[in-house]
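For ligands, and for the atoms within them, numbers begin at 1 and follow the listed sequence.
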Amino acid sequence: MNQIAPVAPTAQPYDPRYDPLVDATPGRNRAYAPTYWVATAGTPPADDGPVDRDMDVDVAIVGSGFTGLSCALFLAREHGIRATVLEANRVAWGCSTRNGGQGQNASGRLTRTQWIARWGEDVAKSLHAEILEGFETFAALTREIDCDPQPGGHLYIAHRRRTLEKLRAQSEVDNRVFGYATRVMDADELRRDWVDEAGAAGALHEPLGIGVHPAKLAFGYLAAARAAGARVHTASPVVEVTREGAGFRLRTPGGTVRARAVAFATGGYTGQGLHPRLRSRIMPILSNSVVTRKLTADEIGALNFRTRQVITDTRTLRYYYRLLPDDRLQIGSRSAITGADAENATHLRVLTDGLAAKFPPLRGIRLDHSWWGWVDVSHDMMPRIVRPDPAAPLFYAMGYGGNGVSYSAQAGRRLAALVAGRPLPERVPIFRGELPGHPFAPFRRIGQRILYRVYQRRDERPDP
Ligand SMILES: Cc1cc2nc3c(=O)[nH]c(=O)nc-3n(C[C@H](O)[C@H](O)[C@H](O)COP(=O)(O)OP(=O)(O)OC[C@H]3O[C@@H](n4cnc5c(N)ncnc54)[C@H](O)[C@@H]3O)c2cc1C
């Protein structure tokens with residue numbers, strides 16, 4: 001099990017301009033993005049190396065991020081099925097080693113109030129129960145795997161007085177409808193007991209939230225999945241999926257994998273040509289992240305940074321940030337629209353400007369790490385864990401919209417149950433139907449460009 005992984009052919013450099021709407025696959029055996037996480041996670045555990053021959057397997061999982069690895073882990077642990085994971089590059093090469101590590105009690109981009117508006121209170125409550133169970137699945141894994149957890153909750157900072165009013169309304173619904181004990185604090189309490197963020201008007205605190213080192217967590221998922229009997233083949237992009245008999249043939253450069261069932265866990269890295277069921281179902285959105293040098297004790301004191309919990313703000317184009325265990329500050333937000341434009345310095349400036357506005361003593365601080373990645377946003381802002389066609393053993397879980405660190409553990413677990421032929425709770429809407437497509441897919445980015453300008457103007461408008 002712990003033998004040295006076979007060396008993949010021709011290691012490829014990291015491609016900063018990769019774009020899932022343009023490129024057919026995310027490459028083959030590409031280096032990791034230059035993240036703080038990969039730089040500090042240590043050597044990844046062994047994997048099973050590239051596919052080097054034709055093979056027959058029971059279940060093939062495409063993609064080795066949190067979702068694919070969790071699916072493999074729970075297929076083995078809860079259903080006795082030894083899955084084969086196929087990954088184009090390195091283990092957890094996509095979002096799962098690039099995110100902010102914010103494990104929240106959430107999935108998808110909609111708030112609990114928006115769930116009620118879309119589905120009514122009863123269905124919203126069933127979704128809340130599912131997301132909560134998911135948070136516990138994730139929390140249990142963070143206890144099992146050494147991933148530098150920063151528990152205690154999530155601080156949702158109102159960047160304007162007007163958004164504090166929205167947080168008050170949200171907290172009232174959280175408590176009354178869902179029995180979820182969030183609470184709102186004013187700016188004085190925030191500055192005194194949590195962090196002195198310039199311009200903040202107050203905050204909502206929710207009790208569930210764990211910051212993690214995502215690469216350590218993903219590597220832990222890998223080791224646990226293999227220990228339970230899964231195989232994980234890296235440097236093995238699936239370039240074609242075709243039906244064969246009751247199952248599928250998945251072509252990779254090193255050999256063809258025949259599978260009884262296939263589960264896609266390719267998230268924001270899903271190529272347009274991977275499978276017709278997935279085409280234009282995900283709108284990949286770029287997000288940037290940076291990590292500063294270590295802050296000095298004086299700097300931490302000057303900002304009264306008393307919390308290490310995960311933090312976001314109320315901008316539609318939100319910032320996500322936290323003080324890491326080694327006293328560096330991580331901050332991320334939205335980025336370019338296309339991969340070709342990802343290296344443009346204006347996108348990094350969104351982060352450095354945001355950092356300086358929130359924490360003026362840190363203006364100009366040295367950045368030690370900077371990277372970006374593609375978030376899997378669905379067209380109705382919620383994920384799906386489904387078998388879209390009852391006639392075909394094809395499954396997928398994706399569309400967490402920037403809230404996948406915690407829920408992907410449960411999504412992988414639910415995906416495993418589906419593959420094993422078990423029913424999922426009926427009322428939970430993310431287990432029904434399929435991800436909606438988009439009638440104007442090729443033009444979505446024009447709309448996105450316009451929306452970014454509208455959101456940015458609205459986010460930065462001063463209070464009356
Ligand atoms: C910068 C950034 C910050 C984020 N911050 C947060 C956060 O703080 N909190 C939060 O909850 N969420 C956050 N997210 C989202 C979160 O990271 C994702 O929801 C989560 O990691 C999704 O995991 P996944 O396994 O579904 O997909 P991924 O981790 O993206 O894995 C998909 C994998 O599929 C592989 N693949 C694709 N096509 C093929 C193919 N044809 N053949 C083989 N393999 C293929 C890819 O190489 C990739 O490794 C962030 C995302 C980004 C990019």
Side-chain angles (χ1 to χ4, degrees), residues 18 20 23-30 32-33 35 37 51 60-71 85-109 135 138 154 209-212 214-215 217-218 221 233-241 250-253 257 264-275 278 282 284-290 310-312 318 320-322 330-335 351 370-377 383 385 396-409 411-412 415:
Y18 162 73
D23 301 297
T25 73
R28 181 186 183 191
N29 199 26
R30 286 210 180 271
Y32 285 112
T35 71
W37 313 118
V51 171
I61 298 169
V62 187
S64 73
F66 292 144
T67 306
L69 293 174
S70 158
C71 181
V85 181
L86 303 171
E87 165 58 49
N89 297 298
R90 317 273 168 102
V91 166
W93 174 89
C95 273
S96 297
T97 47
R98 306 182 192 212
N99 56 68
Q102 299 208 356
Q104 295 188 21
N105 181 24
S107 188
R109 296 191 81 78
F135 188 82
F138 162 73
H154 164 224
I210 304 176
V212 293
L217 185 67
Y221 283 14
H233 290 290
T234 47
S236 303
V238 173
V239 294
E240 189 184 54
V241 181
L250 289 80
R251 195 158 61 79
T252 78
V257 178
F264 291 98
T266 43
Y269 291 80
T270 308
Q272 285 288 75
L274 183 57
H275 192 277
L278 294 170
I282 290 291
I285 302 280
L286 261 188
S287 177
N288 261 3
S289 181
V290 293
V310 299
I311 309 177
T312 57
R318 70 179 173 183
Y320 52 95
Y321 43 111
R322 70 180 149 129
Q330 177 276 328
I331 184 165
S333 189
R334 59 98 179 163
S335 178
L351 297 190
S370 166
W371 70 90
W372 47 86
W374 293 97
V375 178
D376 53 325
V377 180
I385 301 94
Y396 63 76
M398 59 186 75
Y400 318 118
N403 272 321
V405 166
S406 71
Y407 189 71
S408 53
L415 188 61

So is there a nitrogen or oxygen of [X] less than 3.5 Å from a nitrogen or oxygen in ligand 1?
{"X": "R98", "result": "no"}
{"X": "G402", "result": "yes"}
{"X": "G103", "result": "no"}
{"X": "L274", "result": "no"}
{"X": "F66", "result": "yes"}
{"X": "A88", "result": "yes"}
{"X": "G404", "result": "yes"}
{"X": "Q102", "result": "yes"}

Selection from [options] by shortest heavy-atom distance to [atom]:
{"atom": "atom 2 (C) of ligand 1", "options": "F138, Y321, W374, Y320", "value": "Y320"}
{"atom": "atom 21 (O) of ligand 1", "options": "S64, S96, G401", "value": "S96"}
{"atom": "atom 52 (C) of ligand 1", "options": "T97, V375, I285", "value": "V375"}

Could you find the nearest protein heavy atom to [atom] and give me its residue, atom name and distance?
{"atom": "atom 36 (N) of ligand 1", "value": "T266 CG2, 3.7 Å"}
{"atom": "atom 34 (O) of ligand 1", "value": "G63 CA, 3.3 Å"}
{"atom": "atom 42 (N) of ligand 1", "value": "V238 N, 2.9 Å"}
{"atom": "atom 5 (N) of ligand 1", "value": "G100 N, 2.9 Å"}
{"atom": "atom 26 (O) of ligand 1", "value": "T67 OG1, 2.7 Å"}
{"atom": "atom 28 (P) of ligand 1", "value": "C95 N, 3.6 Å"}
{"atom": "atom 49 (O) of ligand 1", "value": "E87 OE1, 2.8 Å"}
{"atom": "atom 50 (C) of ligand 1", "value": "N99 CB, 3.3 Å"}

Can you find a non-hydrogen atom of [X] under 4.0 Å from ligand 1?
{"X": "S408", "answer": "no"}
{"X": "G268", "answer": "no"}
{"X": "G332", "answer": "no"}
{"X": "M398", "answer": "no"}
{"X": "S289", "answer": "no"}

Does any non-hydrogen side-chain atom of [Y] lie less than 4.5 Å from one of [X]?
{"X": "V257", "Y": "H233", "result": "no"}
{"X": "F66", "Y": "N99", "result": "yes"}
{"X": "P253", "Y": "P237", "result": "yes"}
{"X": "Q104", "Y": "T312", "result": "yes"}
{"X": "V85", "Y": "V91", "result": "no"}
{"X": "V238", "Y": "L274", "result": "yes"}
{"X": "Y269", "Y": "C95", "result": "yes"}
{"X": "T270", "Y": "F264", "result": "no"}

For ligand 1, which atoms sit closer than 4.0 Å to a heavy atom of [X]?
{"X": "G94", "value": "29 (O), 30 (O), 48 (C), 49 (O)"}
{"X": "G373", "value": "53 (C)"}
{"X": "G101", "value": "8 (O)"}
{"X": "P237", "value": "42 (N), 43 (C)"}
{"X": "V405", "value": "7 (C), 9 (N), 10 (C), 11 (O), 12 (N), 13 (C)"}
{"X": "Y400", "value": "19 (O), 26 (O)"}
{"X": "L86", "value": "43 (C), 44 (N)"}

* Show the numbers, then the answer: is there a side chain to side chain contact (heavy atoms under 4.5 Å, CB included) between S289 and R98? => CA-CA 8 Å; S289 181; R98 306 182 192 212; over 6 Å; no
Side chain, backbone, both or neither: which applies to [X] and ligand 1 if a contact is any heavy-atom pair less than 4.0 Å apart?
{"X": "V62", "value": "side chain"}
{"X": "A265", "value": "backbone"}
{"X": "Y269", "value": "both"}
{"X": "D376", "value": "side chain"}

* Asked: Between S406 and A106, what is the shortest heavy-atom contact and its length?
  -> OG-O, 4.0 Å
* Asked: Can T67 and Y400 be said to form a side-chain hydrogen bond (donor to acceptor under 3.5 Å, both in side chains), step by step?
  -> CA-CA 11 Å; T67 306; Y400 318 118; 2.8 Å; yes
* Asked: Short question: side chain of R322, backbone of Q102 - any donor-acceptor pair under 3.5 Å?
  -> no
* Asked: Under 3.5 Å, side chain of T97 to main-chain N/O of A92, donor-acceptor pair present?
  ->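 Side chain of T97 to backbone of A92: a pair is present.
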Between the side chains of [X] and [Y], does any donor sit under 3.5 Å from an acceptor?
{"X": "S287", "Y": "Y320", "answer": "yes"}
{"X": "N89", "Y": "R28", "answer": "no"}
{"X": "Y221", "Y": "S96", "answer": "no"}

* CG-CG distance between D376 and N403, expressed to the nearest 0.5 angstrom -> 10.0 Å
* How are the rings of W93 and Y18 set relative to one another: parallel (under 30°), tilted (30 to 60°) or perpendicular (over 60°)? ->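 Perpendicular, since the angle between the ring planes exceeds 60°.
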* To do: Take V62 and H275 through the side chain to side chain contact (heavy atoms under 4.5 Å, CB included) test and state the conclusion after the steps.
  => CA-CA 11 Å; V62 187; H275 192 277; over 6 Å; no
* With a distance cut-off below 6.0 Å to the six-membered ring centre and an angular limit of 45° from the axis, does R334 pair with W372 as a cation-pi contact? -> no
